[in-house]
Protein chains: 2
Amino acid sequence: MDALSQQQLNQFREHAAAYVEFNEAEWIICIQHLALLKLKKKEHFVVPGQVCKTIGFVLSGSVRYYHLIDGKDITNYFSFENDYVSSYKSFLTGEPCISYIQALEPTTILTVSKKNWDAMLNNPMLAYKIERFGRLLAEYYLICYEDRVTSFITQTPEERYLKLLESGKDIIRRMPQHYIANFLGITPVSLSRIKRRILV
Amino acid sequence: MDALSQQQLNQFREHAAAYVEFNEAEWIICIQHLALLKLKKKEHFVVPGQVCKTIGFVLSGSVRYYHLIDGKDITNYFSFENDYVSSYKSFLTGEPCISYIQALEPTTILTVSKKNWDAMLNNPMLAYKIERFGRLLAEYYLICYEDRVTSFITQTPEERYLKLLESGKDIIRRMPQHYIANFLGITPVSLSRIKRRILV
DNA sequence: CCAATTTCTTATCTTAAGATAACGTTTTCA
DNA sequence: TGAAAACGTTATCTTAAGATAAGAAATTGG
């Protein structure tokens with residue numbers, strides 16, 4: 001486990017500032033709870049059966065969430081630089097994960113272990129701001145997932161793909177098509193057909 | 001806007017205790033920020049275009065979240081007694097809602113307006129516990145939505161229905177089938193066929 | 001209590017997605 | 001750099017979902 005550079009800490013601090021700003025005293029305590037995780041391409045952040053013991057902030061690189069169902073690899077989600085990464089359910093509840101999270105390229109992640117997360121929540125110097133940070137973070141992802149559920153309920157695969165073309169530039173640009181297909185809830189073959197239908 | 005009875009306040013307090021317990025001093029301030037909303041059957045908690053200005057706790061009754069897409073009514077979600085109800089995205093961001101939330105029967109809801117919610121977050125007596133309450137609430141629904149997205153990605157409609165039979169007793173028992181169908185991401189006709197397939 | 005509405009099923013037809021395999025292209029990495 | 005793996009498209013066949021309509025059963029509400 002390497003040490004975090006000043007630049008990496010600043011990158012996180014700047015993005016966290018969207019939720020909560022730490023003063024110097026708080027920040028000094030805070031950074032004692034952070035660690036750096038480097039993943040090589042294809043290394044896993046977590047695998048099914050394990051409890052996800054950390055929550056991470058992607059400093060660089062990208063990860064993919066996926067399931068293996070009857071031997072088939074099904075992509076569920078992506079996180080890029082400046083996104084957070086965790087199997088939230090497992091991290092929050094302590095239940096084992098059901099999905100894989102894998103680095104798609106060399107990836108550096110700032111991590112907080114569950115132990116340190118709880119320590120910060122119990123540290124009077126930090127508790128209030130960490131509660132707030134946690135609330136805003138959970139609310140952000142709640143909204144993401146709410147939107148995604150709505151898209152499954154109200155849109156066709158073709159409509160979901162068209163929407164992704166508009167608002168999912170990172171995913172479209174950086175992810176292979178068969179991952180995107182799963183993310184949209186369809187097979188790669190089906191996405192290929194949709195693309196052709198759209199051209200006509 | 002009627003007053004909340006002691007019993008209604010206790011009902012909420014007991015359920016909120018799963019997230020945070022208020023002492024008497026805090027509780028006295030807290031209840032000044034709560035209100036009671038009674039909805040008749042088919043009345044709306046919020047409609048598209050409106051900003052959702054309250055978050056609610058269902059004391060009794062039930063509500064349905066739905067969209068009108070090309071004139072078609074598509075059910076997205078349900079809340080029953082002791083669930084929370086809100087168009088979270090709209091409540092949290094101040095953007096207009098995109099869905100309807102409608103009472104399915106006479107329904108009583110304990111509500112907190114956005115103004116009062118923010119007031120509690122800014123009240124030093126309450127801020128910490130409200131932040132915590134908000135975090136745990138958002139985390140709870142985040143996990144619900146995460147599971148639901150995963151079910152769309154990894155399961156067939158038939159598998160989703162079988163799972164709901166196991167773990168969605170309230171929905172199965174109390175909701176008409178065409179609402180359940182939409183909730184599963186399919187049409188009512190399709191759900192009817194699935195039910196027959198399962199019997200054979 | 002009865003007419004109106006809602007709900008569910010069934011049937012038919014259409015459309016699109018899943019499964020599988022083949023093939024050419026691109027990428028990977030040893 | 002060259003063999004292997006990964007990727008995207010296309011074709012075929014199968015399966016299931018969507019659209020629509022009709023009719024029976026259940027529920028509702030005046």
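As the structure is a prediction and not an experimental result, all values here were calculated from the model. Numbered from 1 within each chain, the chains take letters A, B, ... in sequence-line order.
A cation-pi arrangement is not found for R174(A) relative to F80(A), the charged atom failing to lie both closer than 6.0 Å to the ring centre and inside a 45° cone about the ring normal.
If one axis is set at each end of the helix from dC1(C)-dG30(D) to dA30(C)-dT1(D) from five pairs, those axes are 60° apart, to 10°.
Judged by distance alone, the side chains of T150(B) and N76(A) do bring a donor and an acceptor atom under 3.5 Å apart. For the residue pair T108(B) / Q8(B), no side-chain donor-acceptor distance below 3.5 Å is found, with atom types taken as modelled.
Between Y100(B) and V47(B) the shortest heavy-atom distance is CD2-CG1, 3.8 Å.
If you measure from atom NZ of K41(B) to atom P of dT27(D), you get 12 Å, rounded to the nearest angstrom. We find that CG of L104(B) is positioned 14 Å from P of dT6(C), with the value rounded to whole Å. Atom CD1 of I74(B) and atom C1' of dG18(D) are 12 Å apart (whole Å). To the nearest angstrom, C1' of dT7(C) lies 16 Å from CD1 of I172(B). Computed from coordinates, the K40(A) NZ to dC29(C) C1' distance equals 15 Å when rounded to whole Å.
The six-membered or imidazole ring of Y141(A) lies near that of Y88(A), with a centre-to-centre distance under 6.0 Å.
Between the S192(A) side chain and the V189(A) main chain, no donor and acceptor come within less than 3.5 Å of each other.
Remark: of the listed residues R193(A), K195(A), R197(A), K163(A), R197(A) is the sole one forming a side chain to side chain contact (heavy atoms under 4.5 Å, CB included) with E158(A).
Distance check, rounded to the nearest 0.5 Å: CG of L92(A) to CD of E146(B) gives 8.5 Å.
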**OP:** Report, as a single string ordered 5' to 3', how protein heavy atoms within less than 4.0 Å touch nucleotides 2-17 of chain D: B base, S sugar-phosphate only, - not at all.
**Re:** -----SSBBBB----B
